[in-house]
Peer 1: 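Here it is: the structure, laid out below.
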Amino acid sequence: MRVRFAPSPTGHLHVGSAHTALFNWLYARHHGGAFILRIEDTDRSRSTDDNIASIIEALRWLDIDWDEGPPTPGYRQTERFDLYRAQAQHLLAAGGAYYCDCPPEQLERERKAAEARKETFRYSGRCRQRGLTAGALRLRMPDEGATVVNDLIHGAVTFEHRQLDDWILVRSDGTPTYNFSVVVDDVTMGITHVIRGNDHLSNTPKQIVCYEALGYPVPEFAHVAMILGPDRSRLSKRHGATSIQAFRDAGFLPEAMVNYLARLGWSHGDQELFSREELIELFDIKDVAPSAAIFDHSKLEWLNQQYLKRMDGGQLAQLAAPILAAAGLGRGRDPVWLSRVMDTLKERARTLRELVEVGRFYFERPEEYEPKAAARLFTAEGARRLALLIDELRTKGDFEPGSLEQLYRDLASRLGVGLVDLAQLTRLAITGRTASPPLFEVLALLGREETADRLRAALAAIGGER
RNA sequence: GGCCCCAUCGUCUAGAGGCCUAGGACACGGCCCUCUCAAGGCUGAAACACGGGUUCGAAUCCCGUUGGGGCCA
């Protein structure tokens, strides 16, 4: 079996497109078939090479690989015009198509009239017998009966032929229409299963008639439900980030993205987490749901965190490196140290970006202290305790989490206060915040010198305020 | 407007006539754990759009209504 993903390079790879690409890819990998990438760039005004590069980059990032497609020549529609012309001539010769020179204005009038009668506009077919040799090329459609699309997801969907008219295959300027070029491409590429968005279901009966007129077998069809925004309209830019790159840049992992997209419209019992191998093994079209799904950002974030948590510190350090660098942090740091830092952060962030934000204090001293907490903790009593801590931390122990905790516990009981009192005071002084990874790990990672410096800075800040 | 698709908690979904007192997950609330925040564990609230059939029995089958989406312009 052979499937294809055929994006129009009019923008970045949209999550909806990525969704159908993934379903095609999973289907091919599951059944050991071929996955083909084809670029539908007939709309020359909106298609750009940059967009093609961007789509390819996004697919690579998702690790969706193709068996045939760019950069091999012949997989862009603009390179295939000879094929469309040849098939059009073939149809014309066989009598399946005919030229039409009806002026657009007249067609428009008829369309309006049909609308006024509350009927479907259907081209009259008046040029059918005229034997013209130029104009727009129309496909001769049956006047009666119906075409049934046997969809793998929706079952049998019937379209009455009186709703379908002789549609244009090739415009009078010689360019093929979308529906025609798709059929020719799928036929010449030997596509056996067309898995695409539900928005193409209405086009399918026209295409089926074209396959038959051309004398080729009709492939299987599977129309996957669309992805909607929170307001139930088609997911678009006004709902926020929609391109795969945008999610990558926001700090999502490709594994999480693939897992999330796979679970949109597909499921396998109660399971939520799937490795790539599991997806390939378990995915099947028969388990794909027919109804549209709303894109849920918070579930994606949760999934991303699940993957973050399972990753080791070293990997995370590499993945976070670009974000760290962009924030001007972490330059020249020891990889082992960075890896330990990441291990303390990964359970506290849903994205790589958040991870860097949460761990910012590891790389630079706090510029300010949370005001409410400072008012509560940075008091005269707080200053006394800080001074005591500075003194204690200067010499005692080996500055490892275990001994640091012991030191704090001892001091707390000596002062007759809770561990929490000393911990929060220190946390605020060290990170500027009241929430952070476990304090003693943080202190150990920062080291004796840095810890002492930050505590002294906090002490000075208290003094300065009073 | 015509045609087509869709309809289970707020969201993703399980459910293929009796297993359903409708299950899981996200999000939300509570409790536990705990140096904070998380993570984790336990727990709570939360849905079969509506109306007719079919059947001993319907979330599941059929019809209609309503609502949402798409295609054609």
Peer 1: Using a strict cut-off of less than 4.0 Å between a Lys/Arg side-chain nitrogen and an Asp/Glu carboxylate oxygen, indicate whether A/Arg234 and A/Asp199 qualify as a salt bridge.
Peer 2: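 Yes, this pair counts.
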Peer 1: Please give the distance between the P atoms of B/G15 and B/G23 as a whole number of Å.
Peer 2: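 Their P atoms lie roughly 15 Å apart.
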Peer 1: Taking only side-chain N and O atoms of A/Ser267, does any of them lie within less than 4.0 angstrom of OP1 or OP2 on B/A14?
Peer 2: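 For B/A14, OP1/OP2 do have a side-chain N/O of A/Ser267 under 4.0 Å.
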Peer 1: In whole Å, measure the gap between the C1' atoms of B/C20 and B/A58 for me.
Peer 2: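 It works out to 12 Å between them.
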Peer 1: Need one value for A/Gln305: base, sugar-phosphate or nothing, where a base atom within 4.0 Å counts as base even if backbone is also close, heavy atoms only.
Peer 2: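 Result for A/Gln305 = sugar-phosphate.
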Peer 1: So does A/Arg454 pair up with A/Glu450, basic N to acidic O under 4.0 Å?
Peer 2: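 A/Glu450 and A/Arg454: salt-bridged.
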Peer 1: Can you tell which of B/C35, B/G2, B/G10 lies closest to the side chain of A/Gln163?
Peer 2: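 Closest nucleotide to the A/Gln163 side chain: B/G2.
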Peer 1: For B/C4, take OP1 and OP2 only and decide whether either is under 4.0 Å from a side-chain N or O of A/His154.
Peer 2: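 The answer is no; no side-chain N or O of A/His154 sits under 4.0 Å from OP1 or OP2.
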Peer 1: Looking at A/Arg385 and A/Asp421, is there a salt bridge between them, counting it only when a charged N and a carboxylate O are closer than 4.0 Å?
Peer 2: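 Not counted as a salt bridge, because no side-chain N and carboxylate O are separated by less than 4.0 Å.
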Peer 1: Considering just the side-chain nitrogens and oxygens of A/Lys346, establish if one lies under 4.0 Å of OP1 or OP2 belonging to B/A38.
Peer 2: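 Answer is no, no contact under 4.0 Å.
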Peer 1: To the nearest 0.5 Å, how far apart are NE2 in A/His268 and CZ in A/Phe274?
Peer 2: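 Interatomic distance, A/His268 NE2 to A/Phe274 CZ, rounded to 0.5 Å: 7.0 Å.
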Peer 1: Of all the nucleotides listed (B/A27, B/C35, B/C6), which has the minimum atom distance to the side chain of A/Gln424?
Peer 2: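 When the side chain of A/Gln424 is considered, B/C35 is the closest of B/A27, B/C35, B/C6.
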Peer 1: What is the distance, to the nearest angstrom, from the CD atom on A/Glu347 to the P atom on B/C37?
Peer 2: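 That distance rounds to 15 Å.
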Peer 1: Quick one: label A/Thr158 by what it contacts on the DNA or RNA (base, sugar-phosphate, nothing), any heavy atom closer than 4.0 Å.
Peer 2: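 Contact class for A/Thr158: sugar-phosphate only.
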Peer 1: Checking only heavy atoms, does the side chain of A/Gln271 share a donor-acceptor pair with the base of B/G24 at less than 3.5 Å?
Peer 2: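 Such a pair does not exist between side chain and base.
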Peer 1: Between atom CE in A/Met226 and atom C1' in B/C71, what is the gap in whole Å?
Peer 2: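 Checked: the CE to C1' distance equals 10 Å.
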Peer 1: Has A/Arg234 got a side-chain N or O lying under 4.0 Å from the OP1 or OP2 atom of B/C71?
Peer 2: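 For A/Arg234, the contact criterion (side-chain N or O under 4.0 Å from OP1 or OP2 of B/C71) is met.
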Peer 1: Given the structure, check if the side chain of A/Lys299 and the base of B/A25 hold any donor-acceptor pair shorter than 3.5 Å.
Peer 2: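 Yes, a donor-acceptor pair under 3.5 Å.
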Peer 1: On the side chain of A/Asn198, is there an atom forming a donor-acceptor pair with the base of B/G70 - under 3.5 Å, no angle test?
Peer 2: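 A donor-acceptor contact between them is absent.
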Peer 1: How many whole angstroms separate atom CG of A/Leu428 from atom P of B/C35?
Peer 2: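 Computing the A/Leu428:CG to B/C35:P distance gives 19 Å.
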Peer 1: Can a salt bridge be assigned to the pair A/Arg409 and A/Glu405 using a cut-off of 4.0 Å between side-chain N and carboxylate O?
Peer 2: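 Yes, charged N to carboxylate O under 4.0 Å.
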Peer 1: A/Lys309 has an atom NZ; how far is it from atom P of B/A39, in whole Å?
Peer 2: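 Those two atoms, NZ and P, are 8 Å apart.
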Peer 1: Taking only side-chain nitrogens and oxygens of A/Arg427, does any of them come within less than 4.0 Å of OP1 or OP2 of B/C35?
Peer 2: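 No, no such contact exists.
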Peer 1: Expressed in angstrom and rounded to an integer, what is the separation of A/Phe283 atom CZ from B/U13 atom C1'?
Peer 2: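 After rounding, the reported distance stands at 15 Å.
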Peer 1: Under 4.0 Å between any heavy atoms, over every strand shown, what does A/Pro438 touch: base, sugar-phosphate, or nothing? Just pick one.
Peer 2: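 Base, at least one base heavy atom under 4.0 Å.
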Peer 1: How close or far is atom P of B/C72 from atom NZ of A/Lys206, stated in whole angstroms?
Peer 2: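 Taking NZ of A/Lys206 and P of B/C72, I get 7 Å after rounding.
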